[in-house]
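Structure first, then comments.
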Amino acid sequence: MRKLASLAVYGTASLIGIIAFAYPFFVATPAAVDSALRLQQASLISGVLLSLCLIALLFDLQTTVLNSKTVAMLGLLVALASVLRFIETAFPLPGGFSPIFAPIILVGAMFGWRLGFLMGVLTILTSALIIGGVGPWLPYQMFGAGWIGAGAALFGERLTPSWRLRGLLGYGFVVGFLYGFVINLYSWPFLVGDPNLSWQSGIGFAAGLQRYLIYYATTSLVWDAIRAVGNVLLLALLGLPAMRVLGRFARRLSFEVG
Amino acid sequence: MHSLSWMSWLAVSVALLLTTRNPLVVLQLLLTTLLVWRVRGALSTVWLRLALSIMLFATLFNTLFVHVGESVFGRIPGTIPLLSGNLTWEAVAYGIINGLVLLSLLTLFLTFNQMVTPEQMLLYTPRALQPVALVVLIGLTYVPNTIAHAERVREAQAVRGHEVGGWRDWPPLLLPLLVGGLERSWQLAESMTARGFRTASTGRQARWLQLLLLCGLLCCMAGLFLPRGTILGTAGVLIMTVALFALGRLVPRTRFRPNRPTAQDVAMLVAFIVALAVVYLRRDGLYFNPYPRLSWPTIDVASHLSLLTLLLPLGARRA
């Protein structure tokens, strides 16, 4: 019953999060004069809604998985991933490559979707506090990274280590593009330009999606491809030994007396 | 000035910046933030280089890729995708405004980060989310420790003859870092348990409150699509606030040195809310669109005067 309630909370909050991300496809007003102001208000409301979704999700997740051991472990892993993001900011890395996604994916695969989601959300939040990357885009980044961590649990205990790694390599490649695709939704409506790829109110979901796909392909595809390849390289290099280390620690975490 | 006052100052400024493209309002917010930063903190010289690069990039990007507007000053010939077409003053103006908004947001958060430390911010996390806040606090605290550990690992590997050249040389540096971090977390967990650390309640009352939280969230979402959306949305936020507050009461916590806001902080909070209300009531003044023909932005005196309240931190007593 409790598990069902927890899944219901996660499913509902994630669905609301998806709707909040996709707000550009739903904002529609007939008058062009009004649409720009309403767009800005919708952007603010969407950010607030995402933050509220995160609060609901975080509360549910912390009651199910967080105890002293997991709090400490997650804190140290978040610190490690934040250092990687600091390196990414201090030294120019090619394109959209970021070393933080590999640890998020590995934690999700080894410890389950709940800890994977927390790892993604809290890595982005903590590293943003360190590098000064706090802004209205933060809830979007947190949600996106959280979903990446949660999705990696699909390649969990059921698979042998070698098949798990192969699955994670493919997953890392796909989410390299997905993350950019989803995050760009925040800024797309504010671009005014070529009518084939800029946002316009009231044209409907299908036409809006088509324009967005063209916008994404022309402005972000190469950038995200570098991120995708970077994820694959990091996971190929560190995946197996890191999974062995995390697996040993997972067994210690689950050991209880009595 | 109490950290809650800074948070309300930030929230009002960000809310205004995200809902306007009027260059006069944006410029006023930017200048206000710079003045507060200069007087209350240490304005970084790096900011100037950052400002120039943001403004240049935003203006150039919009001018080169957007070919909409009636005031044409040039043209990129040919059929180059995205680039070919008219160059217009409207696109230049919109690029400048976008740059100003981005720069203002960045300046706001840089100022805020200097005034309020992450530890102070985390103190004001709702009690119901205390374990999550603790994870973030541990992460922040152990970042310098992790960097120092990485340096020790690098030196130890260098003594063994390991040199970092390419990609394949990174595992001997990163894996000991991971193992060391996990071992330190185990010790931290033991000391937390010894000090009686406990996470949030999972009893029946907590589950009902959690459902209430979800109902509030559903109300907020319904407010986006249904008529009378503002009322529904506000009701949703109120329900979530009540649920979070009630959940927080289930988490026992004591403070040895409570840091309460003073009368000055309360007065500032009221002033910020009044300013936001005035600007919202006269929200037509927030709107500006340079397309299709460039024109002068609206000057709403009442809004500009009410935004002067954001300068109150200049005269506030330091905490």
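Here is how names work: the chains are called A, B, and so on, in the same order as the sequence lines, proteins then strands, and each is numbered from 1.
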For this session: Report the relative orientation of the aromatic rings in A/Y140 and A/F21; use parallel for angles under 30°, tilted for 30 to 60°, perpendicular for over 60°.
Result: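 A/Y140 vs A/F21 ring planes: perpendicular.
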
For this session: Start with the C-alpha distance between B/D284 and B/T298, add both sets of side-chain angles, then the distance that settles side chain to side chain contact (heavy atoms under 4.5 Å, CB included), and finish with yes or no.
Result: CA-CA 9 Å; B/D284 287 345; B/T298 317; over 6 Å; no

Any idea which of [options] has the most non-hydrogen atom pairs under 4.5 angstrom with chain A?
| options | result |
| --- | --- |
| B/T146, B/V136, B/L217 | B/L217 |
| B/L105, B/T141, B/L10, B/L178 | B/L178 |
| B/L188, B/L129, B/L218 | B/L129 |

Problem set entry | Residue list, salt bridge (Lys or Arg N to Asp or Glu O under 4.0 Å) with A/R248, at least two apart or on another chain |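 Applying salt bridge (Lys or Arg N to Asp or Glu O under 4.0 Å) to A/R248 gives none.
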
For this session: Sequence neighbours left out, what passes salt bridge (Lys or Arg N to Asp or Glu O under 4.0 Å) with B/E190? Give chain and number order.
Result: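 B/E190 satisfies salt bridge (Lys or Arg N to Asp or Glu O under 4.0 Å) with no other residue.
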
Between [options], which shows the greatest number of heavy-atom pairs under 4.5 Å with chain B?
| options | result |
| --- | --- |
| A/L238, A/L246, A/L76 | A/L76 |
| A/L125, A/I55, A/L118, A/T70 | A/I55 |
| A/I16, A/L80, A/L58, A/T123 | A/I16 |
| A/L74, A/V78, A/L237 | A/L237 |

[X], part contacting chain A, at a heavy-atom distance under 4.5 Å:
| X | answer |
| --- | --- |
| B/L174 | side chain |
| B/L175 | side chain |
| B/L244 | side chain |
| B/L213 | side chain |

Quick one: what part of [X] sits under 4.5 Å from any heavy atom of chain B, side chain, backbone, both or neither?
| X | value |
| --- | --- |
| A/A13 | both |
| A/T126 | both |
| A/L77 | side chain |

Shortest non-hydrogen separation from [X] to [Y] and the atoms involved:
| X | Y | value |
| --- | --- | --- |
| A/G116 | A/I104 | O-CG2, 4.3 Å |
| B/A91 | B/N62 | O-ND2, 2.8 Å |
| B/I239 | B/L212 | CG2-O, 3.5 Å |

For this session: Please name the residue in the list A/V229, A/I226, A/L233 that meets the side chain to side chain contact (heavy atoms under 4.5 Å, CB included) test with A/F97.
Result: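 One option only clears the test, and that one is A/I226.
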
Exercise. Do the numbers put A/R114 on top of the ring of A/F117, so that NZ or CZ is under 6.0 Å from the six-membered ring centre and no more than 45° off the axis?
Worked result: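 That pair does not qualify as a cation-pi contact.
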
